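Quick caveat, the model's predicted, so the values are computed rather than measured.
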Amino acid sequence: MSEDTPAPRSNFITAIIDEHLENGRFDRVHTRFPPEPNGYLHIGHAKSICLNFGVAQDYGGLTNLRFDDTNPTTEEVEYVESIQADIRWLGFDWEDRLFFASDYFGQLYEYALQLIKLGKAYVCDLSPEELRQYRGTLTEPGVDSPYRDRTIEENLDLFQRMGAGEFPDGSRTLRAKIDMSSPNLNLRDPVLYRILHAHHHRTGDKWCIYPMYDYAHALSDSIEGITHSICTLEFEDHRPLYDWCLDTLGIFHSQQIEFARLNLTYTVMSKRKLLQLVRDGYVSGWDDPRMPTLAGMRRRGYTPEAIRTFADTIGVSKANSIVDMELLEHVLRDDLNNRARRVMAVVEPLKVVIDNYPAGQEETFEVPYFPFDRENSPTRQVPFSREIYIERSDFMEDPPKKFYRLAPGSEVRLMNAYYITCTDVIKDQSGEVVELHCTYDPESRGGMSPDGRKVRGTLHWVSAQHALDAELRLYDTLFTKANPYEVPEGGDFKDNINPESLQVVTAAKLEPGLADAAVGESFQFMRQGYFCLDAVDSKEGALVFNRTISLVDTWAKMQK
RNA sequence: UGGGGCAUGGUGCAACGGCAGCACAGCGGACUUUGAAUCCGUUGAUCCAGGUUCGAAUCCUGGUGCCCCGGCCA
């Protein structure tokens, strides 16, 4: 249980902010989270969201949500909606500051005109292939475009006609006039605008030229008065271009700061790869509970608190790293341990008949939902009868030492009920155990005997006649390798997909109260793990529960 | 010498010239009506080589290793 107040965020970014505040570069903190609506948000985005919103909060500043929707060919409204839902679910609020880069298309166009008038941008007629050739290589400088020295008037005319739709896709671009021999490829007269006769999810068919990321992003930050524009490491090389745009135009200058994106073991964290898994049917959708997407994690039973704690715990730096999945699982368990009601459910049922319990008799036990706080815990009534189910793995006919569950002749406690002793084992023709016979000690009602004798094993159980049937979905990691990209020559990350990442149990038995479970509630199925109702497939009378995560299992570890 | 960036226990992050610390994982024990949780204890690190300094993870020099960059993607 972690009641400790989280330490104030302190990292290399807050150090930079502190410096800016001290030297007067800025007198406030205003960040933004800039998703492109071309996929669902994942846990890596959560790191960025927590960073951007968290840092602003710490400094009494603001955070904008801005969709970076400058490429209509890959973007969809489905994504702009899911992204907003996911951020809200995570617990962050952009208030009235929802923006779209496309809101600025008009302004961006005006700025482009200004760049042309400044002699800092020109219309280039090179084809994409020619452009690539003229750009040079990593070690050789590029070559000036033959169109580089067009007059301002000609550029103005051509750019306006580009915007008016006079030219086909790919025939012309607007380029910044910087330096074709720069060792930084991003500065070799980068493309600012391209022609794209595509329908935009917000601006419709109004535009057929769309600004490129570097240009649009820098100007959008400036327009919104963003002080600290936090992005990932791969944009470090782009910062000189970011700065060039703002300096050349002489407008408000945000500071771009780069940090290392999140990597997690046993999963992939790229929208392109995740899209592939969805499209190719390796998972049921973006919200498949095995996906590292926020939608998937929510459906799986992750809480926003756990994810936020995780983001705080991993910290922020510029070093590429891979966080161990076990850390995520730890904060999840810690959070769930504090909030989940304890109930009983049998995953793999084995019938037990209590021979000396009167046939036809039943009784109910009042059982606390939070047994570690029996005094204050709310309770529910749990029925008990002569025939019950226990976990198949809780019985062994020929147990190893240290096995203190049920075995022939051994006595265990049925949680909150009675002590029972196994007297007989029934098997089918193939030798499989199909039923157990036991006797119970009526004196041990409630789970304690007056003589105070020690019973080491405590089992969960469900009354057979009262049990609810349910489907359980048990998840394992989506990939079998900590690093899914580790494949033999010519292989693909999909080769490492875990064929056993989903195990469906169709005949689980639940205590009857679970009929009232609601979506979004977490339960601990005692001695098994944390589960929640599946928001998509569960129906009344056909319950489906997802295992969010298993409990730590020291016994299983000992068996290895 | 194309350019940019990063190196601290197994993993992630601190230490900002002054005793290398935290979390996870591991290991050992206590407790237990969850083999959970909790509690107690414990193993384990500054990429390498020089230099500056009373003192270096931190500053300087030189290496080494890893990541990113040749979309009209973001």
note: A/L233, atom CG; B/G3, atom P; distance rounded to Å ~ 19 Å
Using the C1' atom in both, what is the distance from B/U64 to B/G29, to the nearest Å? 44 Å
Verify stack between A/Y213 ring and B/A74 base, 5.5 Å, 30 degrees: no
Please tell me if A/T265 has a side-chain N or O lying less than 4.0 Å from either OP1 or OP2 of B/U11. no
Which part of the nucleic acid, if any, lies within contact of A/Y215, taking any heavy atom under 4.0 Å across all strands shown: a base, the sugar-phosphate backbone alone, or nothing? nothing
Tell me what A/L185 touches on the nucleic acid: a base, only sugar-phosphate, or nothing, going by heavy atoms under 4.0 Å. base
Contact under 4.0 Å: A/H460 side-chain N or O vs B/U34 OP1/OP2: no
Whole-Å C1' distance, B/U8 and B/A23: 15 Å
Donor/acceptor link under 3.5 angstrom from A/R413 side chain onto base of B/U34: no
Under a 3.5 Å limit on both distances, the Watson-Crick or wobble mate of B/A74 is none
Salt bridge check, A/R339 against A/D335: does any charged N sit closer than 4.0 Å to a carboxylate O? yes
Hey, which of A/Y193, A/Y109, A/F105, A/Y104 is the one that makes ring-ring contact (aromatic ring centres under 6.0 Å, His included) with A/Y210? A/F105
Check this for me, if you would: do A/R547 and A/D476 make a salt bridge, where the nitrogen-to-carboxylate-oxygen distance has to be below 4.0 angstrom? no
For A/S127, which contact category applies under a 4.0 Å heavy-atom criterion: base, sugar-phosphate, or nothing? base
For A/S317, answer base if it contacts any base atom (sugar-phosphate contacts may also be present), sugar-phosphate if it contacts only those atoms, and nothing otherwise; contact means non-hydrogen atoms under 4.0 Å. sugar-phosphate
B/C6 pairs with, by Watson-Crick or G-U criteria that keep both distances under 3.5 Å: B/G65
base_contact_polar (B/U34 base, A/Q524 side chain, donor-acceptor, <3.5 Å): yes
Return yes if the base of B/G71 and the side-chain atoms of A/R132 contain a donor-acceptor N/O pair under 3.5 Å, otherwise no. no
Look at the side chain of A/E36 and decide which nucleotide, out of B/U34, B/A25, B/C73, has an atom nearest to it. B/C73
Is A/R135 close enough to B/C72 that one of its side-chain N or O atoms is under 4.0 Å from OP1 or OP2 there? yes
Under 4.0 Å between any heavy atoms, over every strand shown, what does A/N71 touch: base, sugar-phosphate, or nothing? Just pick one. sugar-phosphate
Distance between the C1' atoms of B/U58 and B/U46, in whole angstroms? 10 Å
For A/S410 and A/A407, indicate whether the former's side chain and the latter's backbone hold a donor-acceptor pair under 3.5 Å. yes
So, applying salt bridge (Lys or Arg N to Asp or Glu O under 4.0 Å) with A/D189, which one of A/K120, A/R148, A/R135 is it? A/R148
Give one of base, sugar-phosphate or nothing for A/F235, where a contact means two heavy atoms less than 4.0 Å apart. base
Is any N or O donor-acceptor pair between the side chain of A/D553 and the base of B/G35 shorter than 3.5 Å? no
Side-chain N or O of A/K557 less than 4.0 angstrom from OP1 or OP2 on B/G26? yes
Does a nitrogen or oxygen in the side chain of A/T70 sit under 4.0 Å from OP1 or OP2 of B/A74? yes
Classify A/L327 by what it touches in the nucleic acid, base, sugar-phosphate, or nothing, heavy-atom distance under 4.0 Å. sugar-phosphate
With a cut-off of less than 4.0 Å, is there a side-chain N or O of A/T554 near OP1 or OP2 of B/A36? yes
Is it the case that the side chain of A/S444 and the backbone of A/Y419 share a donor-acceptor pair, with hydrogens and angles ignored and the cut-off at 3.5 Å? yes
Around atom CD of A/E363, are there more than 12 heavy atoms from other residues, nucleotides or ligands closer than 6.0 Å? yes
Taking B/G41 as the reference, what is the distance to B/C22 when you measure between their P atoms (whole Å, please)? 12 Å
Roughly how many Å apart are B/C67 and B/G28, using the C1' atom of each and rounding to a whole number? 40 Å
Between B/A36 and B/A25, how many Å separate the two P atoms, rounded to a whole number? 13 Å
Taking any heavy-atom pair under 4.0 Å as a contact, classify A/V316: base, sugar-phosphate, or nothing. sugar-phosphate
Tell me the partner of B/G26, counting only Watson-Crick (N1-N3 plus N6-O4 or O6-N4) or G-U wobble (N1-O2 and O6-N3) with both under 3.5 Å; none if nothing fits. B/U42
Establish, for the pair A/K318 and A/F259, whether the NZ or CZ atom is under 6.0 angstrom from the six-membered ring centre and no further than 45 degrees off its axis. no
Residue matched to B/U1 through Watson-Crick or wobble contacts both under 3.5 angstrom: none
B/A74 OP1/OP2 closer than 4.0 Å to side-chain N/O of A/R194: yes
Given that both distances must come in under 3.5 Å, which nucleotide forms a Watson-Crick or G-U wobble pair with B/C31? none
B/A37 phosphate, OP1 or OP2, under 4.0 Å from A/R333 side-chain N/O: no
Should B/C54 form a Watson-Crick or G-U wobble pair with both distances under 3.5 Å, which nucleotide is its partner? B/G18
For A/L192, report the nucleic acid contact type (base, sugar-phosphate, nothing); a contact means any heavy atom under 4.0 Å. nothing
